[in-house]
Chemist: 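This is the structure I want to talk about, given as structure tokens.
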Protein chains: 2
Amino acid sequence: MTKPAQTTLRLTPRRQIILEILRERGHLDAYGLLELARRKDPRISLATVYRALAYFRERNLIQGRSFGEGRSHFEVHDAGTGAHAHFVCTRCGKVREVKGKFIRDMEALAQRERFRVTGAHLDLFGLCGDCAAR
Amino acid sequence: MTKPAQTTLRLTPRRQIILEILRERGHLDAYGLLELARRKDPRISLATVYRALAYFRERNLIQGRSFGEGRSHFEVHDAGTGAHAHFVCTRCGKVREVKGKFIRDMEALAQRERFRVTGAHLDLFGLCGDCAAR
DNA sequence: ATGCATGCAAATGTTTTGCATTATA
DNA sequence: TATAATGCAAAACATTTGCATGCAT
């Protein structure tokens with residue numbers, strides 16, 4: 001965390017594949033990513049997936065996170081603020097992305113707290129429509 | 001995720017120690033927890049820490065999460081809504097807890113989205129006061 | 001030629017588990 | 001006494017890395 005974020009971006013064919021999948025599908029873990037990537041290029045290895053993820057993360061293109069299930073999932077930052085929101089169903093585990101404008105309000109609060117915000121992430125836990133029905 | 005959350009709560013001496021530390025300090029990883037727990041009872045093992053964490057998580061007393069650094073950290077849910085907020089410094093990695101009322105606004109949004117919210121978690125990424133100063 | 005990118009397999013670090021033992025209802 | 005909790009060491013995963021090879025500049 002001492003080095004500044006890298007600026008150059010070398011998009012090799014495999015990195016392109018990985019980034020494209022991430023843009024289309026969002027919040028995937030490394031293995032899911034590998035599986036999808038192999039449909040486009042069967043020779044991609046898990047190591048390449050992880051290295052590409054690290055590469056993108058260093059350059060602030062993506063972000064990794066987990067809700068405590070043991071593995072990380074990854075997703076691209078939003079173009080603008082990097083703001084992001086999730087609905088996480090605590091019953092079936094489904095994760096759905098939601099975008100909202102309300103994040104600005106929190107940025108205001110953050111400023112008051114002497115915290116320069118570069119991105120925000122909101123997780124709402126509860127029951128999705130399907131699970132709430134039961 | 002198919003079973004309903006457990007309701008009985010057996011608080012053994014070691015579980016008490018672990019929960020107490022979590023209440024006092026919040027967002028600790030398993031090893032940090034082990035270290036602190038051993039000051040109160042040097043014979044506690046790592047397995048017990050992990051088992052206690054799983055036990056509390058099943059009963060919705062705590063929550064595990066990670067920001068992609070490879071290990072999970074754990075924290076107790078808030079008594080009321082389970083709402084929680086973090087400031088995560090992207091430079092030094094420091095995590096600070098913040099509580100806010102604005103979370104209600106998002107709950108309103110969630111209802112519109114057919115999502116019954118039981119808890120919310122907001123992460124704001126950026127630079128903490130110290131790091132922003134440099 | 002040189003510097004990355006990559007695959008493979010080995011190494012790491014975290015989290016989980018099997019089994020024997022101990023504590024508790 | 002029966003059930004659940006615990007320690008220890010082994011196992012299981014997810015993630016990272018070393019090394020040899022290949023690709024691109």
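Sequence lines set the chain letters: A, B, ... in the order given, protein chains first and strands last, and positions in each chain run from 1.
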Chemist: Starting at atom CD1 of B:Ile62, determine the distance to atom P of C:dT15, rounded to an integer number of angstrom.
Modeler: 12 Å
Chemist: What does B:Arg43 touch in the nucleic acid at a heavy-atom separation under 4.0 angstrom: a base, only the sugar-phosphate, or nothing?
Modeler: sugar-phosphate
Chemist: Given C:dT24, is OP1 or OP2 found less than 4.0 Å from the side-chain N or O atoms of B:Arg10?
Modeler: no
Chemist: Does the side chain of B:Thr12 get closer than 4.0 angstrom to OP1 or OP2 of D:dT6 through an N or O atom?
Modeler: yes
Chemist: If you compare every side-chain N and O of B:Thr48 against the phosphate oxygens of D:dA5 (OP1, OP2), does one of them come in below 4.0 Å?
Modeler: no
Chemist: How long is the line joining CG of B:Leu53 and C1' of C:dT15, in whole Å?
Modeler: 10 Å
Chemist: Counting only side-chain N and O atoms of B:Arg14, is one of them less than 4.0 Å from OP1 or OP2 of D:dG7?
Modeler: yes
Chemist: Rounded off to whole Å, could you give me the CG-to-P distance for the A:Leu28 and D:dA14 pair?
Modeler: 15 Å
Chemist: If the cut-off is 4.0 Å, is A:Tyr31 near the phosphate of D:dA14, judged by side-chain N/O to OP1 or OP2?
Modeler: yes
Chemist: Between D:dA9, C:dA5, D:dT6, spot the one nearest the side chain of B:Arg15, thanks.
Modeler: D:dT6
Chemist: Can you tell me the distance, in whole Å, between the CG atom of A:Leu19 and the C1' atom of C:dA5?
Modeler: 16 Å
Chemist: Taking OH from B:Tyr50 and C1' from D:dC8, how many angstroms apart are they, rounded to a whole number?
Modeler: 16 Å
